[in-house]
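Shown next, in structure tokens, is the structure this report addresses.
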Amino acid sequence: MFRSTVVLTTICVLAALTLGTTYSVTKPLIANQEKKERRRALTQKALPGADEYKQRSFEGGEYYEGYRNGELIGYALFAEGDGYSGKIDMLVGIDREGIIKGVGILSQQETPGLGDKCAEIRPGEDRPWFLRQFKGKRRSELDLENIEAITGATITSEAIIKSVKKTVTEFLEKK
Amino acid sequence: MKSLSHEFKKGILLENPTFALILGLCPTLAVSTSVKNGLGMGLAATFVLLSSNIIISSIRNFIPYKIRIPCFIVVIATFVTIVELLLKAYLPGLSKALGIFVPLIVVNCIILGRAEAFASKNTVVRSLLDGLGMGIGFTLALLIISAIREIFGAGTIFGFTVSASYQPAVIMILAPGALLTLGLLIGLCNWLNASSRRRRYGSF
């Protein structure tokens with residue numbers, strides 16, 4: 001009985017030490033990858049077409065401004081939705097009137113085959129079909145009547161729609 | 001006592017974990033939609049299987065029988081977490097593609113199965129060979145299934161288009177295609193093993 005405790009504890013301590021070391025070694029690399037992913041979401045999904053991006057902050061957090069030929073073409077905002085299995089982090093691009101230019105998902109942990117279809121790209125296409133629907137919509141059109149939900153993943157769909165609408169609304173009010 | 005080369009070779013065909021032992025089918029079905037994903041999963045799982053077999057075999061005389069399962073799980077989960085962190089740091093594309101199935105390697109029955117059935121009862125050298133053979137067998141199984149599903153379901157192999165005029169059958173990428181392919185391959189493997197047994201020993 002005592003021996004069992006000693007053995008299991010020793011194994012767990014050694015495991016923890018190994019994991020702690022691996023974690024600290026990979027932490028900067030993983031942070032770097034996340035930064036690259038954010039850059040890709042910004043320039044290709046949320047706010048494409050700009051040649052210069054500036055990072056700014058307001059009382060709600062940070063956001064990006066996109067410029068083309070020195071002219072402001074829009075903003076990219078961080079949105080966070082309460083999905084079915086955790087937070088869904090997104091980058092939402094809008095033009096100066098508040099019309100959506102694009103939505104990029106930074107991270108999600110939704111159910112494979114159901115909720116994770118929010119990031120699914122159909123064969124032959126280049127962008128997730130669910131997110132493509134957001135482009136060109138105004139705030140008032142962000143609901144389940146104008147945007148087709150993912151079959152079998154209502155909570156995921158609603159979470160994304162609601163958080164995009166809330167983020168854009170709050171930004172335009174506070175700015 | 002079986003030869004060392006037998007311990008290695010058995011995992012590849014005779015006791016192939018996927019087709020003969022019928023272990024680890026959930027990740028097999030889910031991940032084998034493309035050769036790239038199948039290969040990635042196979043190599044990740046092989047690394048975990050090899051490492052956990054070696055460690056568990058080396059401490060097998062110290063683990064009291066009653067708590068062997070928690071001990072195995074801690075060892076396996078540690079290696080899976082290491083793989084997860086390494087993938088996120090060095091191969092983020094593969095990490096995203098495999099997604100939730102990387103942490104699920106912890107409950108891949110092949111790994112716990114070999115730990116319990118083999119590594120806890122055999123020497124380190126034999127366990128190493130067993131892990132390597134089973135890992136290669138699993139990877140091969142994934143490659144074969146993924147190749148079939150990708151070619152017929154998407155018209156590509158490893159991302160390269162096979163034939164421009166072929167209209168892919170999307171069902172192969174979905175669950176029914178996975179089960180059909182797997183079932184037919186298990187049947188083929190059983191037939192091959194049975195006919196090789198018949199040749200060696202006469203009918204049984």
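As a basis for the values below, the full set of heavy atoms in this structure was taken, side chains included, without hydrogen atoms, waters or symmetry mates. Reminder, nothing fancy here: chain letters follow the sequence lines and each chain counts from 1. Just so it is clear, the model here is predicted, and its values are computed rather than measured.
Atom OH of A:Tyr63 is surrounded by more than 12 heavy atoms from other residues, nucleotides or ligands within 6.0 Å. Annotation: A:Arg132, atom CZ; neighbour count of heavy atoms from other residues, nucleotides and ligands within 6.0 Å is above 12. Counting non-hydrogen atoms of neighbouring residues, nucleotides and ligands closer than 6.0 angstrom, the CZ atom of B:Phe62 reaches no more than 12 such neighbours. Counting non-hydrogen atoms of neighbouring residues, nucleotides and ligands closer than 6.0 angstrom, the NZ atom of A:Lys35 reaches no more than 12 such neighbours. Shown here is A:Glu145, whose CD atom has no more than 12 heavy atoms of other residues, nucleotides or ligands within 6.0 Å. Heavy-atom neighbours of A:Tyr23 OH from other residues, nucleotides or ligands within 6.0 Å: at or below the threshold of 12. Annotation: B:Phe152, atom CZ; neighbour count of heavy atoms from other residues, nucleotides and ligands within 6.0 Å does not exceed 12.
Between chain A and the residues B:Gly155, B:Gly99, B:Pro64, B:Pro168, the most heavy-atom pairs under 4.5 angstrom are made by B:Pro64. With chain B as partner, the option from A:Thr10, A:Thr22, A:Leu14 having the largest number of non-hydrogen pairs under 4.5 angstrom is A:Thr22. Interface remark: of the candidates A:Gln109, A:Lys36, A:Arg3, A:Arg3 forms the most heavy-atom pairs closer than 4.5 Å to chain B. Residue with the most contacts toward chain B among A:Val25, A:Leu19, A:Asp116: A:Leu19 (heavy-atom pairs, distance under 4.5 Å).
Only the side chain of B:Ile59 comes within contact range of chain A, with at least one heavy atom under 4.5 Å from a heavy atom of that chain. Proximity to chain B is limited to the side chain of A:Glu37, based on heavy atoms less than 4.5 angstrom apart.
Interface residues of residues 65-93 of chain B toward chain A, defined by a heavy-atom distance below 4.5 Å and sorted by number: B:Ile67, B:Pro70, B:Cys71, B:Val74, B:Val75, B:Thr78, B:Thr81, B:Ile82, B:Leu85, B:Leu86, B:Lys88, B:Ala89, B:Tyr90, B:Pro92.
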